[in-house]
*Asks:* 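Dumping the structure here so I can ask a few things about it.
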Amino acid sequence: MNIQHTLETEVKKAVLSLFEVELPSVEFQPTRKDFEGDITVVVFPMLRFVKGNPAQIGEQIGEFLVEAVAEVVAFNVIKGFLNIVISDEYYLHFFNGIRSQENFGYATPADSDAVMVEYSSPNTNKPLHLGHIRNNLLGYSVAEILKAAGKKVYKTQIINDRGIHICKSMVAWQRFGSGETPESTGLKGDKLVGNYYVTFDKAYKEEIAKLVAEGADLKVAEKEAPILQEAQEMLRNWEAGDEEVVALWKKMNGWVYEGFDVTYKNLGVDFDQLYYESNTYLLGKDVVADGLEKGVFYRKDDGSVWIDLTDEGLDEKIVLRSDGTAVYMTQDIGTAIQRVKDYPDIGGMVYTVGNEQDYHFKVLFLILKKLGFSWAEKLHHLSYGMVDLPSGKMKSREGTVVDADDLMVEMTQTAGNISEELGKLEEYSETEKQQLYKMIGLGALKYYILKVDPKKRILFDPEESVDFQGNTGPFIQYTYARIQSILRKADSLGVPMEAVDTKVGLHPKEKELLKQLRHFPETIQLAAQQYSPALIANYTYDLVKGFNSFYQQVSILGETNVDQKSFRVQLSKKVAEVVQSAFLLLGIQVPERM
RNA sequence: GGCCCUGUGGCGCAACUGGAUAGCGCAUCUGACUACGAAUCAGAAGGUUACAAGUUCGAAUCUUGUCAGGGUCACCA
């Protein structure tokens, strides 16, 4: 069935009969646009086994293939490249195969071999910002891609709900808050709590300045500022289980969660299972004790426990403090093991965390391997670069952040402005319009972020905002909407939608589209293997560009030949379906009109 | 300083993982709406892939060195 597979065996047969040599493999690539052909065999690698002129060898193999394989209708050889032309019938036959197939490109879902994908994982002392958006979009999209590639997926996050950061907001609220609540202020809960985090920092700095003015050393002042001491005291009380502190902590975290829920909903991401650091930060200590017995870890004189990774080219790393309390690493070891206990079918995990933690995860994975967990081989740190502003790094404390909610509102407004100018939506109601603007605005934002290789840092300039023209989400959404328009018209004209006559013959643009459609399933697999939404984004862009070119050159509904017209309508429909499927994997919706 | 990531036309990104003449979008310049929707299409101009050696039939991609930017080297998370 698969043409490349057939060709591979036939090329091997050809070489065997022509030169009496068995090839271990054959290298294929899609033929470049400038040459005639559909698929290309690279002859050069064969020279290691077959002596001779690559051009001649190509010719001979080409002639053999035309004889042996029905689908091969012609060939040409340029330098060491054998370009093979595949028949139109083959492509039309392929199209009939996928014509009415739902979920074309998606692998059949498996019940075993689950993957847990962690993303978002915010602190609970401040609202989500642009950096979190990148994290969320990446994690969500990778989870969807893995599903489409046939994996069972659990989406999760670990919420950093305890620690000095939330205590700072709590102290500031107690001191300056005079009982404010989200209800009394009309603020989203996460915004309210975030404000107090900023308030804390301001008060803290003032106190330092005051102490320094009174003659204190700066370092000492930073440590001894009363408000900081108060926050530290509060953290100790929290750990001791002080009822009043715990109640305040619950209340303020609750506000934050309500706020987060709104943001997540607007962003279109979700989770199957939540983990809270307040429940997991004590986990892992038993594992360390076990590892100590096995000799994976060792204890220093002061009682702290370490692992020596110098043989692997890394450093020594602490896994338990001298007072016996857990560190970040201890917690992550424990959480990983807990997750596999909760979901025994997990065969691997993906951690969506910024690249400043590359080292941490390298060490974590190595430790889990040394502890002998089979699934430790299949852990992946989905590392991504920072989102920087022209002014530099985003800092919540200093208020130099692009807020997630604000950004989504702005994107929606921009989409609205552009739409109003174009004025194609007279018959839409106001709420329908708002929904559509949001779809387009978010589409622009998501595509803008996801089309870039995660490893690269993004410089985000709020002044220039995100493009709506060219290689963008709206460009692709627009093409989808235009196809829908054609389909509505075709429906009212009663264009037949039956299997296509494989003798109709193909326009070069049609063949181009069919070739691209054929690559969708393997693109999903590749994207899953590489944890790369960017591959899906780029694929979709190429497909849409191909369609627009086709659309401009070939008349669809104006075609007089009924078979031809039917094929073109159905081809358009399939392109739209693939665009929709692909965009779903990126978490982007597509509109009927725009 | 050690380790990790990045460096591709003015700007933002690609390049099927070592293949052919390095593609695309903004921006600039030309054309195409009385048309299946111009948020589109067709074309022009713009490159020594940071630099230098090496590996081979063949390098943006692999190796080594240099330069630039970022990250990380806490009994913080």
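A, B, ... follow the sequence lines: proteins, then strands. Residue 1 opens every chain. Hydrogens, waters and symmetry mates are skipped; everything else that's a heavy atom, side chains included, is used.
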*Asks:* Send over the distance from D467(A) CG to C24(B) P, rounded to a whole Å.
*Replies:*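 Answer to the nearest Å: 18 Å.
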*Asks:* Distance check, rounded to the nearest 0.5 Å: L128(A) atom CG versus N123(A) atom CG?
*Replies:* 10.5 Å
*Asks:* Mind checking side-chain contact (heavy atoms from CB on, under 4.5 Å) for E522(A) and listing every partner two or more places apart, or none if nothing turns up?
*Replies:*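 Here the qualifying residues are H519(A).
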*Asks:* Could you check whether R162(A) makes a cation-pi contact with Y281(A), meaning its NZ or CZ is under 6.0 Å from the centre of the six-membered ring and within 45° of the ring axis?
*Replies:* yes
*Asks:* Is the ring centre of F200(A) less than 6.0 Å from the ring centre of Y197(A)?
*Replies:*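 Here the rings of Y197(A) and F200(A) have centres that are no less than 6.0 Å from each other.
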*Asks:* Please report the distance, rounded to the nearest Å, between CG in D315(A) and P in C4(B).
*Replies:*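 Rounding to the nearest Å, CG of D315(A) and P of C4(B) are 12 Å apart.
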*Asks:* Tell me, which pairs form a salt bridge (Lys or Arg N to Asp or Glu O under 4.0 Å) where one or both residues lie in residues 540-563 of chain A, sequence neighbours left out?
*Replies:* E559(A)-R568(A)
*Asks:* Say you pick atom P in U8(B) and the same atom in A50(B); how far apart are they, in whole Å?
*Replies:* 6 Å
*Asks:* What form does the base of C26(B) take, syn (within 90° of 0) or anti?
*Replies:* anti
*Asks:* Does H360(A) or E356(A) map to a spot on RNA chain B nearer the 5' end, using the closest nucleotide for each?
*Replies:* E356(A)
*Asks:* Considering heavy-atom distances to RNA chain B, does S304(A) or G313(A) have its closest nucleotide positioned more toward the 5' end?
*Replies:*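 Closer to the 5' end of RNA chain B: G313(A).
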*Asks:* Would U64(B) be called syn or anti, given that syn covers angles within 90° of 0?
*Replies:* anti
*Asks:* My validator wants the stems of RNA chain B: runs of 3 or more consecutive Watson-Crick or G-U pairs, both distances under 3.5 Å, written as range with range.
*Replies:*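 Expected stems, ordered by start: B:1-7 with B:67-73, B:10-13 with B:23-26, B:28-32 with B:40-44, B:50-54 with B:62-66.
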*Asks:* For side-chain hydrogen bond (donor to acceptor under 3.5 Å, both in side chains), just list the numbers for T40(A) and N83(A), CA-CA rounded to whole Å, side-chain angles, deciding distance to a tenth of an Å, and then say yes or no.
*Replies:* CA-CA 4 Å; T40(A) 295; N83(A) 302 319; 2.7 Å; yes
*Asks:* Round to the nearest Å and state the distance from Q357(A) atom CD to C73(B) atom C1'.
*Replies:*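 Those two atoms, CD and C1', are 14 Å apart.
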*Asks:* Please say which of L425(A), N417(A), T414(A) ends up in a side-chain contact (heavy atoms from CB on, under 4.5 Å) with Y437(A).
*Replies:* L425(A)
*Asks:* Do nucleotides 9-23 of chain B as a string where each nucleotide becomes B, S or -: B if the base has a protein heavy atom under 4.0 Å, S if just the sugar-phosphate does, - if no protein is that close.
*Replies:* ----SS-BB-BBS--
*Asks:* Between G65(B) and U28(B), how far apart are the two P atoms, rounded to whole Å?
*Replies:*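 Roughly 45 Å separates the two P atoms.
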*Asks:* CG of N160(A) versus P of A77(B): gap in Å, rounded?
*Replies:* 10 Å
*Asks:* Expressed as a whole number of angstroms, how long is the span from N355(A):CG to G69(B):P?
*Replies:*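 Spelled out: CG on N355(A) to P on G69(B) is 17 Å.
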*Asks:* Taking CG from L309(A) and C1' from C73(B), how many angstroms apart are they, rounded to a whole number?
*Replies:* 13 Å
*Asks:* Whole angstrom is fine here: how far is it from CG in L314(A) over to C1' in C3(B)?
*Replies:* 8 Å
*Asks:* Find the distance E312(A):CD to C73(B):P and express it as a whole number of Å.
*Replies:* 19 Å
*Asks:* Which letters describe nucleotides 35-44 of chain B, given B = protein heavy atom under 4.0 Å from base, S = only from sugar-phosphate, - = neither?
*Replies:* -BBSBSSS--
*Asks:* Taking atom P in both C62(B) and U17(B), what distance in whole Å separates the two?
*Replies:* 13 Å
*Asks:* Measuring only between side-chain heavy atoms, which start at C-beta, is P30(A) closer than 4.5 Å to K515(A)?
*Replies:*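 Side chain of P30(A) against side chain of K515(A), heavy atoms only: no contact under 4.5 Å found.
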*Asks:* Please determine if a side-chain N or O atom of K455(A) lies less than 4.0 Å away from the OP1 or OP2 oxygen of U6(B).
*Replies:*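 Yes, such a contact exists.
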*Asks:* With sequence neighbours left out, what residues match Y119(A) under side-chain contact (heavy atoms from CB on, under 4.5 Å)?
*Replies:* V117(A), N135(A), N136(A), Y140(A), K155(A), V269(A), D270(A), F271(A), T352(A)
*Asks:* Rounded at 0.5 Å granularity, tell me how far NE2 in H381(A) sits from CD in Q357(A).
*Replies:* 6.5 Å
*Asks:* Should the heavy atoms of other residues, nucleotides or ligands under 6.0 Å from CD of Q589(A) be counted, would the total exceed 12?
*Replies:* no
*Asks:* Is the charged tip of R593(A) near the ring of Y428(A): under 6.0 Å from the six-membered ring centre and within 45° of its axis?
*Replies:* no
*Asks:* What distance, rounded to whole Å, do you find between the two C1' atoms, one in G7(B) and one in U40(B)?
*Replies:*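 The same atom, C1', in both gives a distance of 34 Å.
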*Asks:* For A15(B) and A60(B), measure between their P atoms and round to the nearest Å.
*Replies:*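 Result for the P pair: 15 Å, nearest Å.
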